[in-house]
> 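One structure, pasted below without further comment.
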Amino acid sequence: MRNIWTIAAKEIRDGTRNRWIVMITLIMAGLALILALLGSAPTGTTSINPLTVTVVSLSSLSIFFIPLIALLLAYDAIVGEAERGTLLLLLAHPISRWQVIIGKFSGHLVLLTFAILVGYGLAGLVISQTGDVGVTKAAIDSFIRLLASSVMLGAIFLALGYLISAAVNERGTAAALAIGVWLLFVLLYDMGLLAMLAVDGDHTISERVVTWLLLANPTDAYRMFNLTGDEHTALLSGMAGLSARLQVPAVALIALLLGWVLVPLTISCVIFRRRQL
Amino acid sequence: MTKPPYIEISGATKTYGAEDAVRDVGLVLEAGHCHALVGHNGAGKSTLIKIALGLVRPISGEIQVLGIDPRDRAFNKARRRIGFLPEQALFQGTMTGMETLKFYARLKNAPGENLKALFERVELGAAATKRVGAYSKGMRQRLGLAQALIGNPDLLILDEPTSGLDPASRKNVYRIIDDMKADGVAVLISSHALSELDSRVDEVSILDHGKLAATGSIPALRAGAGLSSHIRVEAGPKQMPKLAKLFAGEFDCGHLVNGVAILECAEKKKRLLLKKILDHGVTYKDIELSEPSLEDVFAAFTNHGARQ
């Protein structure tokens with residue numbers, strides 16, 4: 001435990017030292033504010049809560065942005081230290097390899113969580129103060145759900161980044177794979193799914209299959225969790241029809257997201273254990 | 001010394017694919033001794049060091065480090081007693097030297113109070129609170145050395161500790177090694193050149209293409225290399241025929257030009273040859289005796305290995 005904390009503390013210090021955390025928090029807050037203020041403008045005097053609008057737009061932003069910064073943070077974690085020669089030194093100490101992975105992962109997750117909570121939280125606070133319509137409890141709930149699931153989304157892509165970093169021998173390869181993973185889960189997967197549904201004019205693919213295919217991608221599961229969890233967000237995001245028919249309980253979605261964190265993380269520990277130094 | 005050796009390796013073999021990193025290599029390091037691994041890049045020095053540290057599993061061989069097989073789980077605890085300087089370690093530039101040492105001290109569960117003394121010891125006292133990013137190459141190397149000294153290790157393993165250092169810093173490294181030896185610490189160092197070593201090294205193992213080419217003290221290696229000394233006699237052109245006659249059939253007089261004779265002679269016959277010159281009244285201006293350099297000795301062992 002002590003070892004894990006030592007490693008995590010070092011990652012957190014690195015992240016604050018090189019201003020990474022300040023930059024990312026500012027970018028998060030900036031983007032969130034722009035989206036929130038622009039997004040709430042067209043709703044004008046409708047009864048829809050501006051915070052709810054913010055949840056919908058922020059979750060779309062998160063799907064692009066959070067996986068990207070998580071992968072950027074993680075892809076270098078193991079392979080970078082290996083190339084700098086510090087991995088050899090680290091492992092010559094009384095520390096297990098899994099402790100290195102879990103320690104670094106925890107440190108990175110703290111950084112990412114801080115950036116998400118402060119960045120988005122700031123935007124949420126501003127929005128809830130400026131709107132004409134009072135903030136409802138349901139809106140706050142869905143905003144908290146957004147924050148929590150965004151942290152989880154970050155954890156998933158951190159874990160995937162560690163998997164890459166533990167498996168490859170060169171930083172360049174790790175960077176390329178990280179971009180590949182991002183493209184696959186954030187863009188290509190959904191495009192492929194859409195194309196498949198468009199081609200499938202006769203509806204031979206059942207809704208069940210579509211649901212499973214959506215669940216197979218963590219970013220889609222995240223979207224589902226945030227946009228169908230509440231009737232207002234569902235209505236606003238055009239997911240109302242889908243949410244009515246997709247009977248995936250929130251607990252199952254959370255379990256699924258958690259699985260997407262734990263499985264890659266466990267595999268990266270196993271791969272790292274077998275890694276040749 | 002009744003203590004068992006701190007490092008005892010025999011028959012260690014490690015292959016990467018079809019290539020031998022090390023093959024059937026043995027190594028013994030006693031407490032209070034300094035043993036040097038010498039070899040070209042890729043000769044297997046680093047692999048042997050990684051085997052001793054339990055970072056690489058050999059495919060065969062008997063290994064005991066501090067009385068434990070590094071492949072055992074129990075070895076993790078023994079790591080606290082080992083100081084290690086990797087061949088190249090680029091510490092995080094954003095951390096200060098002190099923060100860097102504190103981090104490794106915490107991992108070793110070593111007290112963090114006497115770190116300041118370590119900085120003094122490697123002559124880095126003034127730079128302790130500076131960021132590592134602003135360190136010069138030599139300073140970074142010294143920081144690495146200070147890191148290896150954390151927690152008073154019993155075994156010190158230094159991979160190329162003097163490469164890239166100026167002669168003064170190199171001397172300081174050997175001074176520290178000497179201090180450690182006096183405290184009963186066993187020191188294993190590696191170097192890519194025999195001539196880089198200091199005479200304070202007790203034993204040397206020369207590695208060549210993953211195999212042990214020779215092992216012994218520097219004088220023993222010098223003798224074992226079978227290289228001859230050179231005697232240069234400056235005596236004027238008139239003396240040359242005399243010299244040629246004198247040594248015909250006994251010594252190689254390959255060079256007898258411009259009044260300078262260069263005679264090759266085996267280690268043992270040096271005295272005899274000098275005596276002959278003096279006894280036969282050769283009038284000379286100067287006599288110069290040159291021993292084979294450590295580079296020559298090193299080349300003799302490694303070339304031999306390559307031919308096999």
Side-chain angles (χ1 to χ4, degrees), chain A residues 1-24 73 76-104 106-108 111 166 169-171 269 271-277, chain B residues 14-17 21 46-47 49-57 65 70 73-96 99-100 102-110 112 131-133 140 143-144 147-148 150-151 153 155-157 159-160:
Chain A
M1 204 57 216
R2 187 195 151 92
N3 278 341
I4 293 175
W5 169 239
T6 305
I7 302 275
K10 179 173 177 289
E11 290 301 329
I12 294 169
R13 178 160 53 195
D14 285 350
T16 41
R17 271 296 155 77
N18 58 24
R19 308 272 187 276
W20 183 91
I21 188 152
V22 180
M23 298 267 291
I24 295 298
L73 203 54
D76 196 34
I78 303 297
V79 74
E81 287 231 21
E83 277 194 11
R84 285 195 301 273
T86 43
L87 186 64
L88 210 57
L89 179 59
L90 190 60
L91 295 179
H93 283 80
I95 185 167
S96 316
R97 295 195 185 190
W98 67 267
Q99 288 176 325
V100 173
I101 294 252
I102 300 300
K104 280 175 162 278
S106 313
H108 282 157
L111 290 173
N169 284 320
E170 274 172 53
R171 289 180 71 187
C269 286
I271 291 177
F272 187 40
R273 242 178 79 101
R274 296 184 180 168
R275 190 187 170 101
Q276 293 263 22
L277 291 172
Chain B
K14 170 74 190 170
T15 54
Y16 290 108
S46 290
T47 305
I49 284 176
K50 286 180 202 168
I51 287 174
L53 286 167
L55 298 176
V56 158
R57 279 170 173 267
V65 175
R73 270 182 179 277
F75 188 70
N76 218 4
K77 267 191 187 149
R79 289 200 160 110
R80 207 158 285 154
R81 295 168 58 202
I82 302 174
F84 173 49
L85 170 69
E87 188 176 349
Q88 167 237 32
L90 293 171
F91 297 115
Q92 212 83 40
T94 49
M95 299 222 295
T96 68
E99 284 168 342
T100 305
K102 269 191 184 149
F103 169 70
Y104 290 107
R106 236 174 272 137
L107 285 180
K108 264 191 176 167
N109 220 346
R131 291 195 174 190
V132 178
R140 264 182 268 143
L143 179 66
Q147 170 279 131
I150 291 172
L155 174 60
L156 202 54
I157 298 181
D159 201 351
E160 308 236 356

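As the structure is a computational prediction, the values presented were derived from the model and not from experiment. Side chains are part of it too, since the values below use all heavy atoms of this structure and drop only hydrogens, waters and symmetry mates.
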> Using heavy-atom distances under 4.5 Å, tell me whether B/Gln88 contacts chain A through its side chain, its backbone, both, or neither.
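Both parts, backbone and side chain.
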
> Would you mind checking which part of B/Lys108 comes under 4.5 Å of any heavy atom in chain A, side chain (CB onward), backbone (N, CA, C, O), both or neither?
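Both the backbone and the side chain of B/Lys108 come within 4.5 Å of chain A.
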
> State, yes or no, whether a side-chain contact exists between B/Leu90 and A/Glu83 at a heavy-atom distance under 4.5 Å.
no

> Which bit of B/Arg73 comes within less than 4.5 Å of chain A, counting heavy atoms only: side chain, backbone, both or neither?
side chain

> Hey, could you give me the CG/CG distance between B/Asn109 and A/Asn3, rounded to the nearest 0.5 Å?
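If I round to the nearest 0.5 Å, the distance is 8.0 Å.
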
> Test of understanding: with salt bridge (charged side-chain N to carboxylate O under 4.0 Å, His left out), list the residues that count as partners of A/Arg2, not counting sequence neighbours.
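Partners of A/Arg2 under the salt bridge (charged side-chain N to carboxylate O under 4.0 Å, His left out) test: none.
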
> Is B/Lys14 close to chain A through its backbone or its side chain, or both, or neither, when contacts mean heavy atoms under 4.5 Å?
side chain

> Heavy-atom cut-off 4.5 Å, strictly under: side chain, backbone, both or neither for B/Gln147 against chain A?
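For B/Gln147, the contact with chain A is made by the side chain alone.
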
> Measure across A/Asn18 and B/Thr94 and return the closest heavy-atom pair with its distance rounded to 0.1 Å.
CB-CG2, 4.3 Å

> Find the distance between CD (A/Glu11) and CD (B/Gln92) and round it off to the nearest 0.5 Å.
7.0 Å

> Heavy-atom pairs under 4.5 Å with chain B: which of A/Leu89, A/Ile95, A/Thr6, A/Thr86 has the most?
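The option with the most such pairs is A/Leu89.
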
> Would you compute the distance between atom CG of A/Leu277 and atom CZ of B/Arg57 and round it to the nearest 0.5 angstrom?
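Output value for this atom pair is 12.0 Å.
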
> For residues B/Leu107 and A/His93, report the shortest heavy-atom separation together with the two atoms involved.
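Minimum heavy-atom separation between B/Leu107 and A/His93: CB-CD2, 4.0 Å.
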
> Return the minimal non-hydrogen interatomic distance between A/Ala92 and B/Leu55, and the atom names on each side.
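Where A/Ala92 meets B/Leu55 most closely, the heavy atoms are N-CD2, 4.1 Å.
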
> So which of A/Gly85, A/Pro94, A/Ala9 has the biggest tally of heavy-atom pairs under 4.5 Å with chain B?
A/Pro94

> For residues B/Asn76 and A/Ser96, report the shortest heavy-atom separation together with the two atoms involved.
ND2-OG, 4.1 Å

> When rounded to the nearest 0.5 angstrom, what distance separates OH in B/Tyr16 from CD in A/Gln276?
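Going from OH on B/Tyr16 over to CD on A/Gln276, the span is 5.0 Å.
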
> Pick one of side chain, backbone, both or neither for A/Leu87, based on which atoms fall under 4.5 Å of a heavy atom in chain B.
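Neither; nothing under 4.5 Å.
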
> Considering only heavy atoms, which portion of A/Arg97 lies under 4.5 Å from any heavy atom of chain B: side chain, backbone, both, or neither?
side chain

> Suppose we screen for ring-ring contact (aromatic ring centres under 6.0 Å, His included). Which residues come up paired with B/Phe84, at least two apart in sequence or across chains?
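Once residues adjacent in sequence are excluded, B/Phe84 has no partner under the ring-ring contact (aromatic ring centres under 6.0 Å, His included) criterion.
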
> How about B/Glu99 and A/Arg17: do any of their side-chain heavy atoms sit closer than 4.5 Å?
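Yes, side chains in contact.
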
> Rounded to the nearest 0.5 Å, what separation is found between the CG atom of A/Leu91 and the CG atom of B/Leu53?
10.5 Å

> How long is the straight-line distance from CE of B/Met95 back to CG of A/Asp14, given to the nearest 0.5 Å?
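So the gap between those two atoms works out to 6.0 Å.
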
> Which region of B/Tyr104, side chain (C-beta onward) or backbone (N, CA, C, O), has a non-hydrogen atom less than 4.5 Å from a non-hydrogen atom of chain A, or is it both or neither?
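For B/Tyr104, backbone and side chain are both near chain A.
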
